[in-house]
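Structure record follows, encoded as structure tokens.
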Amino acid sequence: MTDFIQLFINGLAIGGVYALAAIGFVIVYSATGVVNFAAGQFVMFGTFAGVAMLLNAELPWPVGYGAALLAMALFGALFFAVLYLPLRKSPVVTIIIGTVAIGITMQNAALLAFGSWPFRLPSPVEGVNLTIAGATISAHAIAVVVVTAVMVALLWLLFFRTSLGIGMRAVAQDIQAARLMGLKVNRLLALSWVLAALLAGIAGLMLGPMWFADTSMGDPIALKAFAATIIGGFGSLPGAIVGGLFVGLSEVLGASYVSSAYKDLISFGIMIVFLLVRPQGVFGERVQDRG
Amino acid sequence: MRMTRQEFLKALLAAAAMPWAAAARAQQGSPIVVGATVPMTGPLSLTGKQYHNSLMMAEEDINKAGGINGRNLKIMFEDTQASNSTAVNAFVKLAQETKPALFFLSSYSTQNLAVAPELKKVQVPAFYAGGADAVAESGNEWMFRVRPADSVSAEGMVQCALNVLKAKKPGILYIQNDFGQGGAQTAAKRFEAAGVTVAGMEAYGQNDKDFSAQLLGLRGKGVDVILIFNYPQDGALVLRQAKLLGLKMPLVTSSAALVPAALQLLSPADLDGVWGVVDTFIDPAVGGRMQDFVERYKTKFGTDPDPYGLAYYDGAMLAAEGLRKAGTDPKALRDWLAAVKDWRGIGHVYSYDAKGNGVFDLAVVKSKTGTKSLELVQAIKLN
Amino acid sequence: MSMRFPLLLGIVILIAGLGLSMLLTDYHLRLLNLAVISAIAVIGLNFAFGYAGLISLGHAAFVGTGAYGVALLTTLLGWSPWLALPVAVAGTAIFAVLIGLPLLRLKGHYLALATLGLNVSFSMVAANWIELTGGTNGISRIPELQVAGHALADERSYLWFALAVLAVSAAVAGLIHASRHGRAMIAVRDDETAASMTGIDVTRVKIAAFVLSSIYAAVAGGLFACHMRFISPEDFSYAHSITYLAMLIVGGEGSIVGAILGALLLTFLPEWLRFLGSAYLAFFGVFVLAILVFLPSGLVGFRWPGSLRRDGRSKGPAMVAASKEVRP
């Protein structure tokens with residue numbers, strides 16, 4: 001039982017990070033129709049923004065986290081202006097390959113800037129362990145679960161209680177209608193990129209202390225976030241959350257109770273089964289070939 | 001052939017006192033070219049950088065000491081990246097364009113295996129540092145290993161678990177690649193031969209970042225020691241997560257988790273109760289050539305040398321001696337290398353067997369409590 | 001389009017390749033071999049992606065199936081490579097049918113993600129099924145190909161053989177493109193509903209394109225195994241699938257000549273740019289992106305203003321133009 005508690009909390013924490021990455025991915029997809037294959041590199045950028053602010057610039061953590069997130073928000077806006085706008089009219093395959101190419105560039109730009117040696121990004125609650133029912137649990141894992149929950153609550157408030165968020169939902173539903181209703185569509189589209197970058201930044205900052213920060217960490221996260229999105233349902237926010245937590249838990253519990261060698265095959269296997277049997281996922285859109 | 005410290009210092013002084021004479025001699029004739037294909041970019045450059053550094057340092061030292069019978073030694077580098085195909089391209093490029101008298105290959109077994117057929121075509125001796133036994137078993141008579149084979153390391157880890165830690169129910173955790181799979185299998189067989197049952201074996205993928213399931217699984221099986229076969233970064237992460245999960249049993253890690261690149265990621269607390277089997281215990285305190293090497297390496301490159309890098313340095317020195325004595329004829333050089341017995345490098349004693357394995361000694365180390373420095377527990381010599 | 005173009009293409013490939021094989025040194029011959037092998041795989045990808053519009057991020061898995069097939073049949077069962085090659089290709093085709101039947105109901109990014117998942121799963125199984133695949137240690141000592149008692153051991157003679165295979169592959173691809181089946185694929189890509197209205201069996205056409213692409217991939221994989229004589233899971237990771245796709249995009253999707261040009265360029269480019277070191281991949285990403293934005297029909301789509309198009313019969317570009325013209 002103690003083992004199960006430890007595994008469960010760990011799985012939740014990892015799942016929380018996947019969920020945040022998946023939410024960012026879904027927000028961009030719903031608003032702009034872009035399937036962002038560079039989503040994993042966004043998270044990696046978030047971790048390295050933390051490395052730059054906390055380790056290189058040696059800022060105290062509240063300031064450093066703020067600066068890192070600010071940098072990520074700027075990056076999201078830049079991405080919108082420099083990459084999204086020129087590519088937005090292209091066919092879906094071009095956008096997929098384009099974001100793959102952007103991801104490769106992002107990863108290797110980070111490699112050039114930070115080198116191949118990994119970094120140890122400290123957590124604000126570094127070294128604090130809690131004992132719950134005999135299970136040792138790091139305070140950081142709990143913090144990750146809490147932050148994920150808070151972020152989900154904030155997003156809900158944004159999308160359902162502010163005019164900004166309602167506008168974003170309107171754009172996601174029907175961009176023409178939104179434009180006709182006088183919404184500043186471009187601004188809302190930009191905002192969705194900024195939001196995605198911010199969420200990836202938060203995921204990255206939380207991930208840094210759990211793993212080491214290295215520039216090749218993006219791809220594995222992306223694969224898991226994709227699986228989470230498919231399982232939860234493409235374009236669905238609750239789906240991204242449920243999918244992320246599910247992938248995180250299945251990874252940790254699957255490695256423990258099924259096979260550690262094939263644990264990733266479990267989440268991909270479930271993803272492929274979902275694609276074949278229920279491509280709209282648990283909560284997702286009905287149309288199969290949107291975009 | 002054993003050099004005392006005094007003799008060594010004398011030789012060094014002599015070399016320092018007559019740089020001009022030596023340089024003048026060395027300039028006669030064209031340089032002797034040696035090719036080196038090492039991972040200088042990409043994820044494997046974490047360790048590859050060390051080989052690059054130590055080979056450059058060896059080249060400089062050899063030429064300062066008069067080169068190869070008056071001719072300079074020139075090492076030409078090409079990058080293998082993290083790809084087998086690129087490794088072969090790099091090798092063919094060097095073989096084609098510079099016609100080296102000898103090669104240094106990378107320390108990644110799959111790259112060694114990929115290059116082996118090409119090497120056989122080119123017919124030039126090559127040093128390599130991949131540990132997989134499969135490389136030696138493939139029976140390529142041109143290949144010479146400068147490090148202990150993985151089975152030797154695994155055997156050393158088993159001995160540490162049995163003799164030093166008195167393990168009764170060992171567990172094994174390994175990375176899913178040639179190194180981890182081979183090492184874990186060898187270790188399991190050795191435990192079995194010693195009449196000890198392995199209580200649990202767990203694996204993880206090369207890109208995995210979370211090991212809680214594997215570590216807790218092993219703990220759940222009641223293991224009293226965990227043997228860990230790892231690469232540098234994941235090795236460091238395993239050690240750290242073991243502490244985060246509250247594992248108390250001693251851990252015996254393979255050497256990768258104890259190289260400087262991995263140690264910089266760990267805190268003293270992470271290393272509490274960690275044992276390891278390293279190729280060479282790098283300790284400047286033993287003095288002599290070891291101290292000289294460590295200090296000069298640090299001054300030159302700003303980082304600590306690791307045992308793999310040292311193996312390449314030794315390999316280069318051995319190569320230089322071979323080139324002096326047997327000349328650049330590939331066949332003669334190969335035969336000379338195959339006949340090397342009890343050649344004393346800084347890190348190892350080299351004696352080549354019929355399969356091109358030359359190193360059979362290792363060191364068991366453990367972290368000093370509360371620090372990140374390692375101490376020697378015992379040296380192991382295997383047959 | 002007549003039958004002339006495919007034959008001409010095959011002959012041009014043979015002549016150009018033979019000429020080059022006489023001029024180049026071993027290192028460049030080796031790169032040319034790799035490029036020719038990649039070109040076969042990319043021509044295959046062109047069926048699925050260029051003609052039928054099926055985006056696949058799992059092409060390397062089929063190259064790997066072919067390569068592992070040849071490697072296992074020759075090393076475990078001691079078969080001759082000449083027997084192993086067709087069997088491995090046939091096995092891959094069956095595998096592709098089994099995978100394609102359920103998977104090809106998906107489109108767009110769903111298909112992209114599913115094929116990506118397929119490739120990741122393939123690597124995982126190849127790395128972990130140690131008893132069969134040797135795990136990450138791979139399979140070494142794959143025998144050399146023999147032609148009339150002469151081993152294709154050196155780069156030059158292997159290149160002649162690989163060129164012959166490429167020439168035939170390209171010619172056959174050209175014939176298929178010009179046939180009713182090729183047109184059906186393009187019709188399906190452009191508008192599925194319209195295609196099915198004209199009596200095209202959309203599912204069958206998609207499966208056919210997918211299986212054709214896997215057959216070419218398996219041929220390339222078999223050639224790769226016999227050339228390297230060592231394979232390991234790393235050689236067939238999804239990163240290679242992305243490279244194949246990039247070769248097609250850079251060369252020009254929907255074009256056989258483009259597939260060959262892209263494979264050539266992206267095989268030689270990293271070697272020419274060795275001096276860039278770590279910066280190469282960053283450059284690669286920007287390069288592919290620039291092609292996508294500024295030259296969406298790839299290198300073969302490049303036109304010097306006002307030339308070449310005048311006479312609609314000019315070889316390579318004309319063919320691309322033909323395939324482009326049916327595109328909205």
Side-chain angles (χ1 to χ4, degrees), chain A residues 29 33-38 83 86-87 90-113 115-116 215 219-220 222-223 226-227 229-230 234 259 261-265 267-277 279-280 287-291, chain C residues 49 53-55 57 99 101-103 105-121 123-125 127-130 135 189 192 237-239 241-243 245-246 248-250 253 276-294 296 327-328:
Chain A
Y29 172 72
V34 169
V35 182
N36 182 12
F37 274 78
L83 295 166
L87 272 176
S90 313
V92 65
V93 288
T94 308
I95 291 184
I96 291 177
I97 296 153
T99 54
V100 168
I102 292 164
I104 293 174
T105 309
M106 284 172 71
Q107 180 183 343
N108 290 282
L111 182 69
L112 286 176
S116 56
T215 51
D219 280 343
L223 290 174
F226 296 155
T229 317
I230 296 277
F234 236 88
S259 153
Y262 286 102
K263 67 169 183 167
D264 285 346
L265 220 50
S267 36
F268 290 123
I270 294 176
M271 173 184 105
I272 291 180
V273 168
F274 259 94
L275 277 171
L276 299 179
V277 181
Q280 71 270 38
V287 202
Q288 270 193 44
D289 57 343
R290 167 173 173 161
Chain C
F49 179 64
L54 305 167
I55 177 157
L57 292 177
I99 295 282
L101 276 174
L103 227 54
R105 292 184 302 162
L106 304 167
K107 292 173 203 162
H109 56 266
Y110 287 106
L111 184 59
L113 286 173
T115 46
L116 181 62
L118 171 74
N119 206 149
V120 172
S121 308
S123 306
M124 229 176 289
V125 172
N128 287 307
W129 195 352
I130 301 173
R189 175 196 68 190
E192 265 185 37
S237 67
Y238 68 88
S241 290
I242 293 175
T243 309
L245 205 52
L248 188 53
I249 303 267
V250 167
E253 55 173 293
L276 282 182
S278 304
Y280 169 72
L281 278 173
F283 165 82
F284 169 80
V286 175
F287 177 70
V288 173
L289 200 62
I291 295 271
L292 279 174
V293 174
F294 299 112
R327 234 179 158 170

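Model, not experiment: these values are computed from the prediction. Every chain is numbered from 1 and lettered A, B, ... according to where its sequence line falls, protein lines coming before strand lines.
Leu275(A) touches chain C through backbone and side chain together, each having a heavy atom under 4.5 Å away. Contact annotation for Tyr280(C): neither backbone nor side-chain heavy atoms come within less than 4.5 Å of a heavy atom of chain A. Proximity to chain A is absent for every atom of Ile291(C), based on heavy atoms less than 4.5 angstrom apart. For Tyr238(C), the part lying near chain A is the side chain, with the backbone staying farther off; criterion is any non-hydrogen pair under 4.5 Å. Neither the backbone nor the side chain of Phe287(C) comes within less than 4.5 Å of any heavy atom of chain A. Proximity to chain A involves both the backbone and the side chain of Leu281(C), based on heavy atoms less than 4.5 angstrom apart. In this structure, the portion of Ile230(A) lying under 4.5 Å from any heavy atom of chain C is its side chain and not its backbone. Residue Leu289(C) touches chain A through both its backbone and its side chain, counting heavy-atom pairs closer than 4.5 Å. In this structure, chain A has heavy atoms under 4.5 Å from both the backbone and the side chain of Leu113(C). For Val286(C), the parts sitting under 4.5 Å from any heavy atom of chain A are the backbone and the side chain alike.
Across Ile272(A) and Leu118(C), no two heavy atoms sit closer than the pair CD1-N, 4.1 Å. Nearest heavy atom pair, residue Ser123(C) against residue Ser237(C), reads OG-CA, 3.8 Å. The minimum heavy-atom distance between Ala246(C) and Val288(C), with the atom names listed, is CB-CG2, 4.1 Å. Nearest heavy atom pair, residue Phe37(A) against residue Ile96(A), reads CE1-CG2, 3.4 Å. Across every non-hydrogen atom of Gly117(C) and Ser121(C), the tightest pair is O-OG, 2.7 Å. Nearest heavy atoms, Met124(C) versus Leu265(A): SD-N, 3.5 Å.
Taking the six-membered ring for Trp and thresholds of 30 and 60 degrees, Tyr29(A) and Phe234(A) have ring planes more than 60 degrees apart, a perpendicular arrangement.
Counting heavy-atom pairs closer than 4.5 Å to chain A, the top-ranked of the candidates Ile55(C), Leu57(C), Ile242(C) is Ile55(C). The candidate from Val100(A), Thr94(A), Ile97(A) with the greatest count of non-hydrogen atom pairs under 4.5 Å with chain C is Ile97(A). Among the candidates Leu111(A), Thr229(A), Leu223(A), Leu87(A), the residue making the largest number of heavy-atom pairs closer than 4.5 Å to chain C is Leu223(A).
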(request) Evaluate the side chain to side chain contact (heavy atoms under 4.5 Å, CB included) criterion for residues His109(C) and Ile95(A): first the C-alpha distance (whole Å), next the side-chain angles of each, then the deciding distance (0.1 Å), finally the verdict. (result) CA-CA 10 Å; His109(C) 56 266; Ile95(A) 291 184; over 6 Å; no
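How far CG of Leu106(C) is from OG1 of Thr115(C): 9.5 Å, rounded to the nearest 0.5 Å.
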